[in-house]
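Quick notes on the structure that follows.
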Amino acid sequence: MNKIIESNLDTILSEKYLSYAISTIVSRSLPDVRDGLKPVHRRIIYSMYQLKLFKSSSYKKCARIVGDVMGKFHPHGDQAIYDSLVRMAQDFSTRITLVDGQGNFGNIDGDNPAAMRYTEARLQDYTNYFFDGIEENSVDFKDNYDGQNLEPVVLPSQLPNILINGAMGIAVGMATNIPPHNIVELIDALKLIIKKDRASLTEILKIINGPDLPTGGEIILDSNEKKQIYKNGKGSFNINAKYQIEELKNGLYQIIITEIPYQVNKVKIIEQLANNINNKKLPLDDVVDESDENIRIVLKPKTRNIDAEKLISLCFKLTDLSIKYSCNFNVLIDGIEPKQIGIIEILSNFLEHRKVTIKRKSKFNIEKIKKRLEILKGYQIVFKNLNSIIKIIRTKDNPKKRIN
């Protein structure tokens, strides 16, 4: 039987698009401020936790992990899940990797990872901090998409992962782009907020020096720009590649690039340099990639008379050896409210989450201890009256009723 809907097309479209937009913001693109994870990352980590893929266990095929995640929690396609799993294992994408990958998980040159049937993975030790009391009622669980399994609404993280590893996502009408930070600085900042309830932004920024990027590079950020970014959750700064000048014989030199900007493809930089050399925009004789596990891009000037600092400045101007990184601290508050917030509010929300999880975990353990004490109290009564109880059991028709 067909259902006829009589309504204005504009109204229907706006309602449906709003529903889609909310779903994208809450269920796909923005990270939760409490554990710093999007739903797909949370489901991958929790699924691996259920499979007991800890650092001490053996690796398991990524195809198995992806299948488990898709079948139980995340019915959005295997490739999307695998891409998220791969990113969590890449040390050039993530400040502290959550997944320990074995096999080809891609590289900084932009090469794709091997297919999931070839690669294997397990959890890193860092993820142990995501499961504090997860089996002790520290967080709520909800039904999965088909109601056959339960998944955590949020993980009881002990660390502010939202700032440690950062986040990147594009939703409908909003986006998030949070750079990674140094874990030691963040913990010191949390200690300050705990000790001093109304710690000022100035005090926090004396501890947090700024982003701490996995690929290194030099962050160009003055104190006023830094204050604006961390106060409002919005702003930008430049990232320059790090370099050193190697002196050669006869007054010659070469420039060695040792660190490149975050989220920039190394091959792309080399191609840009080569194109500018061919177009005679850069006075370079050649560019050579001598990288192994460490970055080493060699820039060879045409003559010894070219000023090294002016040459590298021109390279920064014409290539991605220098980029502009835009910050946008859009997060989900309590998993439902998208909001752009500053660093103090991020850390305060995380601490509030820790208070809730610790209280719930403590209450669970107290109740567990109370039940155990009640059982032990019963044992004590039995031992005190053991002979009488044995006599009742042997002589009475309904001993249980008499003992009670």
Side-chain angles (χ1 to χ4, degrees), residues 83 86-95 97 104-113 165-170 175-182 209-222 225-226 229 234-246 253-302 306-329:
D83 288 345
V86 164
R87 183 175 171 78
M88 288 193 288
Q90 293 175 333
D91 58 4
F92 54 89
S93 296
T94 309
R95 188 67 188 84
T97 55
N104 176 15
F105 276 77
N107 55 37
I108 201 167
D109 289 336
D111 295 329
N112 292 325
N165 278 323
M168 184 175 64
I170 300 171
T176 187
N177 205 25
I178 303 172
H181 292 77
N182 185 277
N209 294 316
D212 185 13
L213 308 174
T215 55
E218 183 184 4
I219 295 171
I220 311 300
L221 181 64
D222 66 39
E225 290 172 337
K226 179 181 170 184
I229 289 171
K234 192 177 180 70
S236 62
F237 56 86
N238 289 329
I239 309 172
N240 290 349
K242 278 193 177 178
Y243 66 94
Q244 57 192 40
I245 298 168
E246 280 189 1
Y253 70 90
Q254 59 187 16
I255 299 170
I256 312 298
I257 306 297
T258 56
E259 295 176 8
I260 62 174
Y262 182 48
Q263 294 178 336
V264 173
N265 188 317
K266 176 161 68 72
V267 169
K268 183 183 176 185
I269 290 175
I270 293 167
E271 286 176 355
Q272 289 173 339
L273 289 165
N275 289 335
N276 280 298
I277 292 169
N278 293 335
N279 295 331
K280 301 186 187 312
K281 291 183 178 180
L282 281 175
L284 289 173
D285 188 46
D286 197 7
V287 53
V288 182
D289 185 9
E290 297 180 357
S291 306
D292 42 30
E293 64 271 9
N294 298 314
I295 300 290
R296 183 180 167 88
I297 303 170
V298 182
L299 308 181
K300 299 182 178 181
K302 277 192 172 182
I306 299 170
D307 183 78
E309 295 300 330
K310 288 182 180 178
L311 177 57
I312 196 67
S313 295
L314 188 58
C315 291
F316 284 168
K317 185 179 178 181
L318 297 177
T319 71
D320 284 345
L321 285 171
S322 178
I323 65 165
K324 187 175 185 178
Y325 187 96
S326 296
C327 295
N328 202 346
F329 291 13

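At distances below 3.5 Å, not a single donor-acceptor pair connects side-chain atoms of N328 with backbone N or O atoms of N177. When atom types are taken as modelled, the side chain of T97 and the backbone of M88 share no donor-acceptor pair closer than 3.5 angstrom. Side chain of E259 to main chain of G216: no donor-acceptor pair is present (N/O by atom type, distance under 3.5 Å, no hydrogens or angles). Between the side chain of N276 and the backbone N or O of Q272, at least one donor-acceptor pair lies under 3.5 Å. No donor-acceptor pair under 3.5 Å is formed between the side chain of R95 and the backbone N or O of N182. Between the side chain of N104 and the main chain of G106, a donor-acceptor pair closer than 3.5 Å is present.
If you run side-chain contact (heavy atoms from CB on, under 4.5 Å) between L299 and each of L311, I312, I256, only I312 comes through.
Q90 meets the side chain to side chain donor-acceptor pair (under 3.5 Å) test with S93; sequence neighbours excluded. In this view, E309 satisfies the salt bridge (Lys or Arg N to Asp or Glu O under 4.0 Å) rule with no residue, not counting sequence neighbours. In this structure D289 satisfies the salt bridge (Lys or Arg N to Asp or Glu O under 4.0 Å) test together with K266, sequence neighbours excluded. Every residue two or more places apart in sequence or in another chain was checked for a salt bridge (Lys or Arg N to Asp or Glu O under 4.0 Å) with R87, and none qualifies. Partners of A89 by side chain to side chain contact (heavy atoms under 4.5 Å, CB included), not counting sequence neighbours, listed by chain and number: V99, F105.
The two residues Y253 and D307 make their nearest non-hydrogen contact at OH-C, 3.9 Å. Contact detail for N107 and D111: the closest heavy-atom pair is ND2-OD2, 3.0 Å. Residues L284 and C315 share a closest heavy-atom pair of CD1-SG, 4.3 Å. L213 and P179 make their closest contact through CD2-CB, 4.3 Å (heavy atoms, listed as atom of the first residue, atom of the second, distance).
With values rounded to the nearest 0.5 angstrom, F237 atom CZ is found 9.0 Å from S326 atom OG. Taking OG1 of T319 as the reference point, atom CD1 of I270 lies at 10.5 Å (rounded to 0.5 Å). To the nearest 0.5 angstrom, Q254 atom CD is 5.0 Å from E246 atom CD. Here the straight-line distance linking atom CD1 of I306 with atom CG of L314 works out to 10.0 Å at 0.5 Å rounding.
Contact of the V298 side chain with the V287 side chain is not registered, since no non-hydrogen atoms from C-beta on lie closer than 4.5 Å. For the pair P180/P211, no side-chain contact is recorded, criterion being any heavy-atom separation below 4.5 Å from C-beta on. Counting heavy atoms from C-beta on, the side chains of I323 and N238 never come closer than 4.5 Å. Side chains of L273 and L321 form a contact here, defined as non-hydrogen atoms less than 4.5 Å apart. Looking at V267 and I269, their side chains never come closer than 4.5 Å, going by heavy atoms from C-beta outward. Residues T215 and I239 form no side-chain contact, since every pair of their non-hydrogen atoms from C-beta on lies 4.5 Å or further apart. Counting only heavy atoms from C-beta outward, the side chains of Q244 and T258 approach each other to under 4.5 Å. In this structure, S236 and Y325 have side chains that are not in contact, with every pair of non-hydrogen atoms separated by 4.5 Å or more.
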(request) Please test I108 against I260 for side chain to side chain contact (heavy atoms under 4.5 Å, CB included), starting from the C-alpha separation and ending with a verdict. (result) CA-CA 10 Å; I108 201 167; I260 62 174; 3.8 Å; yes
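Around CD1 of I170, the count of heavy atoms belonging to other residues, nucleotides or ligands within 6.0 Å does not exceed 12.
Within the structure, salt bridge (charged side-chain N to carboxylate O under 4.0 Å, His left out) pairs that include any residue of residues 268-286 comprise K268-D320 (at least two apart or interchain).
F316 and Y243 have perpendicular rings, their planes meeting at more than 60° on a 0 to 90° scale where under 30° would count as parallel.
Using a cutoff of 4.0 Å between basic side-chain nitrogens and carboxylate oxygens, K300 and E290 are not scored as salt-bridged.
Side-chain contact, N240 with S322: a donor N or O sits under 3.5 Å from an acceptor N or O.
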